[in-house]
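Contents: one structure, followed by commentary.
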Amino acid sequence: MGITETAGESSARKTRRRAPSSIESLDADILCIIFSFLDLFDLVHCTVVCNSWLAVIKKLKLLQSSCRRMHQLGSTSLEQPREIDVEDFAMKHHKMALLRGRIEIERWEAHSHRFSQCRMKKGLLLTGVGDKVMRLWSLDSYKCMEEYSLPDAASLVDFDFDESKIVGLVGTRISIWRRSGQRSIFPSREGTIPKGLCMRYIDPEAVVGCEDGTARIFDMYSKTCSQIIRTHGGPITCLSLSDSQLFLSGSSLGRVTVSDPLLDQPVATLKSTITAGGIQTICFNQGSNLAFSGTTAGYVSCWDLRKMRQVWENRVSPNVVYSIQQLKNDTSVMVAGGIDGVLRFVDQKSGRVLSSCIMDDKVSTVLRRQSQVVVEKRRGKRVSQDVEIDKFERKTRPQISCIAMGMKKVVTAHSGKFISVWKFNHS
């Protein structure tokens, strides 16, 4: 049984570098022994390190047998696939874990004051908004790697980060923290914003959504505002950026606009087919060219950006949906959370709720020696779509203010002091 690459994996292959000589000197047998200690997702990640690792991993019995088992679970056909697509296999395993897997939740006190936002990238988690500091955490050890203080008495409105820096909307100014700890603030003449409500950043630009309905684009290197676009007649409540430079903005008036930073007007305005409340959160799937939004009335909507039309709209929650996210390159499932504290997995193609999860009320604690963090452990449980959520105690479903998504895991902030890591295991 061979293993092939998808177009997405082909692009990853182009970024593979020649392995250092010390790694190349390891023969295939030694690499097989080392790889035997890794789980399936770690193996998939290792395939993009270098071509020699990819060749060894393709031959591993563990990966081959797991792909066969996956095919048997998801297909009525008795015929085994002749070739296996590594990326597709990883996404299917991810989906099965989210929908059928055992749920383990680890929580710890991330701040001494309430905070509401979190961002996750490459095993690191950044938390803040509400407290006077942002904290960068390792998701392996739960150790606080760095702490970033806010300037003066200004409050943090929103933030994002990459490998080298953290970009934050602080009061009416843009601030940049180098991961080394050095901080710089945009000059007042160029960096002042009327009243920013949200911000997103993809190097080299940050986009700020303002109360007056304008989106302001800032260049991180020249520290200037390069464009002001009037996208809405009311406050901009959320933003999502795409790799193709287009960005989406949602407003309290219930509309979504698609804009190009090079133009002074939106490219398109996307309207709901029903009155579904103000837009509270928005995300964009680069792989499918679909955009998703969540509203104050509990609706989630989907738009096809190639045709600029709505695909579906469904009320997934009786209350506000504060955050929706999907794993990059996953075109099957996304997760939604909001004021009722239920974590819901939604089919991206139809809008149907596939699974709903809350926390168990039984708690145990353990001290992580490496980080000296006291971790609260719980089990998660799945609940029926028809059950009345109010029958479950609030402590089993704390309000979800923000979601970050990783492979077989979801991180949630709750407008409190705790951060929660939901781990989904499907053997």
Side-chain angles (χ1 to χ4, degrees), residues 98 116-120 129 158 160 197-200 209 231-232 234-242 247-258 269-286 288-305 309-328 330-358 385 389 397-405 410-415 422:
L98 296 180
S116 62
Q117 298 294 305
C118 61
R119 306 283 182 267
M120 178 168 61
V129 179
D158 210 344
D160 212 336
L197 301 179
C198 53
M199 185 211 74
R200 286 296 180 269
T231 59
H232 295 278
I236 297 176
T237 51
C238 52
L239 291 161
S240 180
L241 309 188
S242 74
F247 69 89
L248 294 90
S249 59
S251 82
S252 59
L253 302 179
R255 295 183 179 182
V256 172
T257 63
V258 183
T269 299
L270 309 174
K271 301 178 183 178
S272 170
T273 55
I274 60 176
T275 303
I279 306 297
Q280 191 71 32
T281 178
I282 192 166
C283 68
F284 174 64
N285 190 320
Q286 194 81 35
S288 62
N289 277 303
L290 297 178
F292 305 95
S293 67
T295 74
T296 55
Y299 285 85
V300 172
S301 300
C302 171
W303 285 275
D304 186 337
L305 296 191
R309 66 174 180 84
Q310 191 173 58
V311 179
W312 53 260
E313 188 167 40
N314 185 31
R315 194 175 194 189
V316 304
S317 170
N319 306 106
V320 182
V321 175
Y322 281 132
S323 185
I324 51 176
Q325 289 293 330
Q326 91 280 331
L327 188 66
K328 188 176 182 180
D330 180 15
T331 59
S332 61
V333 179
M334 63 181 175
V335 63
I339 199 169
D340 65 2
V342 180
L343 202 64
R344 293 180 173 90
F345 295 100
V346 180
D347 188 302
Q348 293 188 31
K349 294 180 176 64
S350 67
R352 184 167 62 94
V353 177
L354 302 173
S355 182
S356 300
C357 309
I358 61 174
Q385 307 302 318
I389 295 300
R397 48 184 189 90
Q399 170 181 301
I400 298 173
S401 57
C402 189
I403 293 172
M405 197 168 189
V410 176
V411 179
T412 53
H414 305 277
S415 291
W422 305 61

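The model shown is predicted, which means the values in this text are computed figures rather than measured ones. Residue indices begin at 1 and follow the sequence shown.
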Working for side chain to side chain contact (heavy atoms under 4.5 Å, CB included), residues V335 and L98: CA-CA 10 Å; V335 63; L98 296 180; over 6 Å; no

Which pair of non-hydrogen atoms, one from C283 and one from Q326, has the smallest distance, and what is that distance? SG-OE1, 3.3 Å

Shortest non-hydrogen pair, L290 vs D304, comes out as CD2-CA, 3.7 Å

Which heavy atom of K271 sits nearest a heavy atom of W303, and at what distance? O-NE1, 3.9 Å

How long is the gap from CE on M120 to CD1 on I403, to the nearest 0.5 Å? 10.5 Å

Polar contact flag, side-chain donor to acceptor under 3.5 angstrom, T281-S323: no

So, using side chain to side chain donor-acceptor pair (under 3.5 Å) as the criterion, who are the partners of S356 when residues are at least two apart? Q385

Residues at least two apart in sequence or cross-chain that pass side-chain contact (heavy atoms from CB on, under 4.5 Å) with S252, listed by chain then number, are P235, T237

Would you find a donor on one side and an acceptor on the other, under 3.5 Å apart, between the side chain of Q399 and the backbone of H414? no

How many angstroms lie between CD in Q117 and OG in S415, if you round to the nearest 0.5 Å? 8.0 Å

Check: D330/S332 side-chain N/O donor and acceptor closer than 3.5 Å: yes

K349 vs T331, side chain to side chain contact (heavy atoms under 4.5 Å, CB included): CA-CA, chis, key distance, verdict: CA-CA 8 Å; K349 294 180 176 64; T331 59; 4.3 Å; yes

May I ask you to check whether over 12 heavy atoms, not counting those of R255, lie within 6.0 Å of atom CZ? no

Residues two or more places apart in sequence or in another chain: which of them pass salt bridge (charged side-chain N to carboxylate O under 4.0 Å, His left out) with R119? D158

For the CG atom of L270 and the CD atom of Q310, what is their distance to the nearest 0.5 Å? 8.5 Å

Looking at CD1 of I358 and CG of L343, how far apart are the two atoms once the value is rounded to the nearest 0.5 Å? 11.0 Å

Rounded to the nearest 0.5 Å, the OH atom of Y322 sits from the CD1 atom of I400 at a distance of 11.5 Å

Closer than 3.5 angstrom, by distance alone: can the side chain of T295 be matched with the main-chain N or O of Y299 as a donor-acceptor pair? yes

Under 3.5 Å, is there a donor on one side chain and an acceptor on the other for E313 and S272? yes

For a quick test of reading the model, state the closest non-hydrogen atom pair linking D160 to R200 and the distance between them. OD2-CD, 4.0 Å

Identify the residue among L253, V256, V321 that makes a side chain to side chain contact (heavy atoms under 4.5 Å, CB included) with I279. V256

Considering non-hydrogen atoms only, spot the tightest contact between W312 and V300 and give its length. CZ3-O, 3.1 Å

Does S317 offer a backbone N or O that forms a donor-acceptor pair with the side chain of R344 under 3.5 Å? no

Are the side chain of S355 and the backbone N or O of F345 linked by a donor-acceptor pair below 3.5 Å? no

For I324 and A336, work out which heavy atoms get closest and say how close. CG2-CB, 3.5 Å

Chi angles and distances behind the side chain to side chain contact (heavy atoms under 4.5 Å, CB included) call for F284, N289: CA-CA 7 Å; F284 174 64; N289 277 303; 3.7 Å; yes

Please confirm whether the backbone N or O of V342 pairs with a side-chain atom of D340, one donor and one acceptor, at under 3.5 Å? yes

Between F292 and V346, does a side chain to side chain contact (heavy atoms under 4.5 Å, CB included) hold up when you go through it step by step? CA-CA 11 Å; F292 305 95; V346 180; over 6 Å; no

Nearest 0.5 angstrom please: N314 CG to C302 SG, how far? 11.5 Å

